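Notes for the one structure printed next.
No experiment lies behind these values; they were computed from the predicted model shown.
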Amino acid sequence: MPDPVLQPERVLWLHVLAQAVIDAASKRREIKKEIREWVDTEDFEYICGAAGVDEILISALIHRLLRDRNRKRAFHHAMRFRFSVRSFIELHTGSIDKDRAIDK
């Protein structure tokens, strides 16, 4: 049964945070620099709140990935987080892509 509390805006912000985690594991320095700077902003705090996640935990994960010199391991952890977000959304909405669910 879909969760009426999981609003589309929350889903959007969860996807934004999942992408930030993936970006933290990037090999591109400019992307990592942007993520490092973004995590310490009010914007990041707002997005964590809107997504309903603990800002401190997400920040710690992002900083750990930014420091990890083993790119393969960092990417693996980032993707595990991404798939966890996806599973959470699917569990609470019934589908990751509502348009596809309607077509079925």
Side-chain angles (χ1 to χ4, degrees):
M1 182 75 152
D3 183 351
V5 177
L6 194 61
Q7 298 296 322
E9 294 82 12
R10 184 173 179 205
V11 171
L12 169 70
W13 296 127
L14 286 166
H15 283 297
V16 167
L17 291 172
Q19 185 61 50
V21 168
I22 291 169
D23 289 348
S26 173
K27 59 184 172 183
R28 295 183 55 203
R29 289 181 184 176
E30 61 274 5
I31 291 175
K32 293 176 86 126
K33 181 179 184 277
E34 287 177 20
I35 293 298
R36 184 177 290 110
E37 292 170 356
W38 178 67
V39 168
D40 296 324
T41 67
E42 288 181 14
D43 185 39
F44 176 77
E45 291 177 34
Y46 172 82
I47 290 172
C48 286
V53 299
D54 187 325
E55 166 196 345
I56 295 169
L57 291 176
I58 299 298
S59 176
L61 172 61
I62 288 172
H63 283 294
R64 189 178 93 214
L65 294 174
L66 288 168
R67 286 189 309 269
D68 196 337
R69 293 186 184 268
N70 183 328
R71 289 187 186 136
K72 190 173 184 178
R73 179 180 54 215
F75 184 74
H76 172 76
H77 287 298
M79 292 308 294
R80 284 184 60 195
F81 178 80
R82 172 72 183 102
F83 288 121
S84 294
V85 167
R86 185 180 180 115
S87 294
F88 175 81
I89 292 168
E90 287 177 342
L91 177 67
H92 291 282
T93 64
S95 174
I96 195 70
D97 184 344
K98 291 188 181 216
D99 291 336
R100 264 193 272 162
I102 291 169
D103 292 339
K104 289 184 179 179

Requested in this report: Take D40 and H63 through the side-chain contact (heavy atoms from CB on, under 4.5 Å) test and state the conclusion after the steps.
Outcome: CA-CA 11 Å; D40 296 324; H63 283 294; 4.2 Å; yes
Query - For the student: nearest non-hydrogen atoms of I56 and D54, plus distance - result: N-OD1, 2.8 Å
Requested in this report: Quick one: pull up CG in L17 and CG in D23 and give me the separation to the nearest 0.5 Å.
Outcome: 11.5 Å
Query raised in the report: Is the CD atom of E42 crowded by more than 12 outside heavy atoms at less than 6.0 Å?
Result: no
**Report entry** Minimal non-hydrogen separation, A78 against I22, with atom names
**Finding:** CB-CA, 3.9 Å
Query raised in the report: What distance do H15 atom NE2 and Q19 atom CD have between them, rounded to the nearest 0.5 Å?
Result: 10.5 Å
**Report entry** Atom of R82, atom of A18 and distance for their closest heavy-atom approach
**Finding:** CD-CB, 3.5 Å
Query raised in the report: Within a strict 4.5 Å, meaning less than it, do heavy atoms of the F88 and V53 side chains meet?
Result: no
Query - Where S59 and V39 come nearest, the two heavy atoms and their spacing - result: OG-CG1, 3.3 Å
**Report entry** same_hphob_cluster(V21, M79) at 4.5 Å side-chain heavy-atom cutoff
**Finding:** no
Report task. Work out which heavy atom in L65 is nearest to a heavy atom in A74; give both atom names and the distance. Result -> CD2-O, 3.4 Å
Query raised in the report: So which heavy atom on I62 is nearest to which on A20, and how close?
Result: CD1-CB, 4.3 Å
